[in-house]
Protein chains: 4
Amino acid sequence: MFAKFLNLNPDKQTRIINAAMKEFAQKGFDNASTNEIVKEAEIAKGLLFHYFKNKQQLFLFAYDYGSELILNDFYQKFDATEPDFFARLRQISRLKLEILQQFPDMFHFLEVAYIDTSKVVSDELEQRKQQLIDSNLGKLFKGIDLSLFKDGVDITRIIQIMMWTFEGYNRDALKKAKLTPGVPINYESFFAEAAAYIEFFKTSFYK
Amino acid sequence: MFAKFLNLNPDKQTRIINAAMKEFAQKGFDNASTNEIVKEAEIAKGLLFHYFKNKQQLFLFAYDYGSELILNDFYQKFDATEPDFFARLRQISRLKLEILQQFPDMFHFLEVAYIDTSKVVSDELEQRKQQLIDSNLGKLFKGIDLSLFKDGVDITRIIQIMMWTFEGYNRDALKKAKLTPGVPINYESFFAEAAAYIEFFKTSFYK
Amino acid sequence: MFAKFLNLNPDKQTRIINAAMKEFAQKGFDNASTNEIVKEAEIAKGLLFHYFKNKQQLFLFAYDYGSELILNDFYQKFDATEPDFFARLRQISRLKLEILQQFPDMFHFLEVAYIDTSKVVSDELEQRKQQLIDSNLGKLFKGIDLSLFKDGVDITRIIQIMMWTFEGYNRDALKKAKLTPGVPINYESFFAEAAAYIEFFKTSFYK
Amino acid sequence: MFAKFLNLNPDKQTRIINAAMKEFAQKGFDNASTNEIVKEAEIAKGLLFHYFKNKQQLFLFAYDYGSELILNDFYQKFDATEPDFFARLRQISRLKLEILQQFPDMFHFLEVAYIDTSKVVSDELEQRKQQLIDSNLGKLFKGIDLSLFKDGVDITRIIQIMMWTFEGYNRDALKKAKLTPGVPINYESFFAEAAAYIEFFKTSFYK
DNA sequence: TATGAATGAGGCTTCATTCAT
DNA sequence: TATGAATGAAGCCTCATTCAT
């Protein structure tokens, strides 16, 4: 499908992907302009559609490209032997920070893409998200020592609550960052506060 | 600012507001079409811009109009004497359900508007949301009997977590509903499951 | 449907219809350019789509507009009392010539539109053509004195053959005209030759 | 002119010609896409323009190629000794059927090409058609026994009428076939009905 | 107050053809 | 001979907003 594109001069590939991610991240799918993308990538208008059937395919390609790259990076560093649930959460949080610092634009794009609500891509995105969750939730929490939890707590519900909590936490942090444009995000304090939430959950739900 | 509009024939006012809410709810700010709005409201194109400087003003007016109307309704029914935090949460949840059933379209619009990410309105929306939270969080939880909580728990954090939890819960429920179009939302089961989460928090954080 | 357009300043209406007919006649539906049409009509791009949902609707409107106008003109002059089949054919032929001289561009457009094969309009056109035939064939040949034909001839087949003959005759004449652009069509000789064919059929099939 | 192409690997030649004929037959000259042609032929885009200066040359080459091939086939089977005009017509009709069954796609392409109205090719096509008629009408009807016709009939006119009749007959049959896609054309009944028209002409114009 | 005609930039996409390799 | 990347003009259509009436 995208073989053509992947055979292309890598420099140009990068320019196109970066330009697309930047535009999509800034404006969302519907309002992103392919005109802006080709201008930023410094290619001719037609070329974009030589490689990608349409705007939608470009978006999804960028999404897949980015998420694969980032997941690979993540799992290379991920230690799946840690039995403590909250230690593992902290690890995940730390790895996320590292990746974010290594690929800031791509990270930003994926984060925004993840919540893009455009009808045109939302169905496909939803599938991908579900696949991601299905194939990763298992890996992330395999081998956890459940005996450390208080007896009788509904662990599924806890995980669900924590996921929503961190989603909300991320979103709010993102919003605050947007409100002070120009000021770079202070990721350390961002993750420090996340750690405080983890600590809170641990106190609440561990023996 | 909108004095002109508010002097208008009430029937026409309603038609315009409803049409705007419907279109914005369906497509988000950027992709909503003023053409569709005037068609639905059965008014002339120019009239819309006679009353509202631009699309943005219309959106924000609709937002303010809806949230004020709904908040008034809410506080008329709200019992601020209940000292039990979770009982109050249940009350809030129940009132939300009532309002939702009374003003389904307006409710839907506000819900969607709340997460609209269009640059053009997001700043203004953010202000309004912050104001709403600031001025309401106090009212909602004033007079709560904190002694019922376990000693030493950080109540602010708990509230934050619960807010994110219910945000996430709503969003997921909304998504599921979208995936089966045609099937009407079963609000009773929706709120029953919400109640289960409330119960869980109670067990976790009350003495 | 097209009420909006018909309320428009008649001069502009005419300019738009003429420009559309000219462009469609020259290039057929698919290759006609809405850009050329608006340029010729001296209106803004958007205006065309203010009146017509899309290129297709514009084409069909022009077709309906033209054929109605021409049919009305035709039937005002048509004498349905003539019992001789071939006399009536001559009459039809003569009226066609008159109309052609009165509305040359419209006539040309309709002739070309009639054989336009673009997928986008052919279905709708086919319906219209069938309706035209159904509702007109009856009128055109009602009250014909069949006893003038040789005994035993299959009159339906004769009519069919004559229709194809005149279709072919028209088409060939049109082609020849195209091959010598600039030179105006000599309609008199065109219809004189048609009369010769009518005479031939008469000799062949009348007693 | 096309020497280069004719030296090419025959398999590839065939693929290119077939792909071109298919695309032109489906969409007409203007709307045919060279992209589709190279995709179908499984050759590189540039190669097409290496062999053919442009789309127009490709089309005309395909037309010439097809018509020559089919004419050769036709004349190998054609019996020019039959003196009866209508018997010869029946023969022509039968041979046409045979060829159609042997080269369905090519036949279809030529049929459609024949009525293609694109400015870009119509002039050249017109020349070819005229040449075809000029050089073939003689062959087809040489040695006909004119004494079998009624005295005084204008045989040129008769032939002209019959040609238009069969053109119209073909076109109508083609249309009907298009209106019921999926249902294969019943060529036998198609040619049987054609035979009925031949019979009709015979009765009308023979002694 | 009310109309709806008018604007023209910008949206995405397709196209035949060229050219460096 | 063969590739397929590259071009950029042109395609149709939508849009928020303005303005004369």
Side-chain angles (χ1 to χ4, degrees), chain A residues 3-5 7-9 12-13 30-38 42-58 120, chain B residues 4-5 7-9 12 29-39 42-58 120, chain C residues 3-5 7-9 12-13 30-38 42-58 120, chain D residues 4-5 7-9 12 29-39 42-58 120:
Chain A
K4 250 199 282 184
F5 178 71
N7 284 342
L8 175 61
N9 166 357
K12 211 177 262 185
Q13 269 187 57
D30 283 326
N31 290 97
S33 158
T34 54
N35 274 340
E36 291 302 314
I37 293 173
V38 299
E42 295 180 309
I43 58 167
K45 195 71 205 284
L47 192 54
L48 193 66
F49 294 94
H50 181 65
Y51 291 117
F52 302 98
K53 207 175 59 132
N54 52 30
K55 192 180 167 186
Q56 193 190 155
Q57 294 300 318
L58 170 62
V120 185
Chain B
K4 261 197 288 182
F5 178 73
N7 284 340
L8 178 60
N9 162 0
K12 215 178 254 186
F29 178 79
D30 284 322
N31 291 97
S33 157
T34 54
N35 265 335
E36 290 303 313
I37 292 172
V38 299
K39 215 180 287 172
E42 295 178 312
I43 58 164
K45 192 74 191 285
L47 198 53
L48 194 67
F49 292 92
H50 179 70
Y51 290 119
F52 301 98
K53 206 182 81 196
N54 53 28
K55 195 178 165 185
Q56 193 191 157
Q57 295 301 317
L58 170 62
V120 186
Chain C
K4 249 198 283 183
F5 178 71
N7 284 341
L8 176 61
N9 166 356
K12 212 177 261 186
Q13 270 187 57
D30 284 326
N31 290 97
S33 158
T34 54
N35 275 339
E36 291 302 315
I37 293 173
V38 299
E42 296 181 306
I43 57 168
K45 194 70 206 282
L47 192 54
L48 193 66
F49 295 94
H50 181 65
Y51 291 117
F52 302 98
K53 206 175 60 127
N54 52 30
K55 193 180 164 184
Q56 194 190 156
Q57 295 300 319
L58 170 62
V120 185
Chain D
K4 262 197 287 183
F5 178 71
N7 283 340
L8 178 61
N9 163 359
K12 216 178 255 185
F29 178 79
D30 284 322
N31 290 98
S33 157
T34 54
N35 265 336
E36 290 303 313
I37 292 173
V38 300
K39 216 180 285 171
E42 296 179 312
I43 59 164
K45 193 73 192 284
L47 198 53
L48 194 66
F49 291 91
H50 180 69
Y51 289 119
F52 302 98
K53 205 182 83 195
N54 52 29
K55 195 180 164 184
Q56 193 192 156
Q57 295 301 318
L58 169 63
V120 186

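Everything quoted here is computed from the prediction, not taken from an experiment. The chains referred to below are lettered A, B, ... by the order of the sequence lines, with proteins before strands, and numbering in each begins at 1.
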Quiz item: Which heavy atom of A/Phe49 sits nearest a heavy atom of A/Asn54, and at what distance?
Solution: CE2-CA, 3.9 Å

Nearest of [options] to any side-chain atom of [X]?
| X | options | value |
| --- | --- | --- |
| D/Phe49 | E/dA2, E/dT17, E/dT7 | E/dT17 |
| D/Leu47 | F/dG11, E/dT3, F/dT3 | F/dT3 |
| D/Asn54 | E/dC12, E/dT17, F/dA6 | E/dT17 |
| C/Lys45 | E/dA5, E/dG11, F/dC13 | F/dC13 |

Report which part of the nucleic acid [X] touches: base, sugar-phosphate, or nothing (heavy-atom distance under 4.0 Å, all strands).
| X | value |
| --- | --- |
| B/Ala32 | sugar-phosphate |
| B/Lys12 | sugar-phosphate |
| A/Leu48 | nothing |

Quiz item: Is there a donor-acceptor pair closer than 3.5 Å between any side-chain N or O of D/Lys12 and the backbone N or O of D/Ile43?
Solution: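 Here the side-chain-to-backbone pair does not exist.
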
Practice problem: Could you tell me whether a side-chain N or O of A/Lys45 sits under 3.5 Å from a main-chain N or O of A/Thr34, the two making a donor and an acceptor? | Solution: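 No.
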
Self-check item: For atom CG of C/Leu8 and atom P of F/dA20, their distance in whole Å
Solution: 18 Å

Exercise. Find the distance A/Asn7:CG to F/dA6:P and express it as a whole number of Å.
Key: 12 Å

Phosphate-side-chain proximity, [X] and [N], N/O vs OP1/OP2 below 4.0 Å:
| X | N | answer |
| --- | --- | --- |
| D/Tyr51 | F/dT1 | yes |
| B/Asn35 | F/dT14 | no |
| D/Thr34 | E/dC15 | no |
| C/His50 | E/dA5 | yes |

Exercise. Identify the nucleotide, in any strand shown, that forms a Watson-Crick or G-U wobble pair with F/dT17, with both distances under 3.5 Å; if there is none, say none.
Key: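 Across all strands, the one nucleotide that pairs with F/dT17 is E/dA6.
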
Quiz prompt | 5'-most by nearest nucleotide on DNA chain F - A/Ile43 or B/Lys53 | solution = A/Ile43

Exercise. Could you check C/Gly46 against D/Gly46 and say which one's nearest nucleotide on DNA chain F is further toward the 5' end?
Key: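 It is D/Gly46 whose nearest nucleotide is closer to the 5' end.
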
Quiz item: Between C/Asn9 and A/Glu36, which is nearer to the 5' end of DNA chain E once each is assigned its nearest nucleotide?
Solution: C/Asn9

Quiz item: Between D/Phe5 and D/Phe52, how do the two ring planes meet: parallel, tilted or perpendicular, split at 30° and 60°?
Solution: tilted

Self-check item: Straight-line distance of A/Leu58 CG to A/Leu48 CG, nearest 0.5 Å
Solution: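 Interatomic distance, A/Leu58 CG to A/Leu48 CG, rounded to 0.5 Å: 5.5 Å.
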
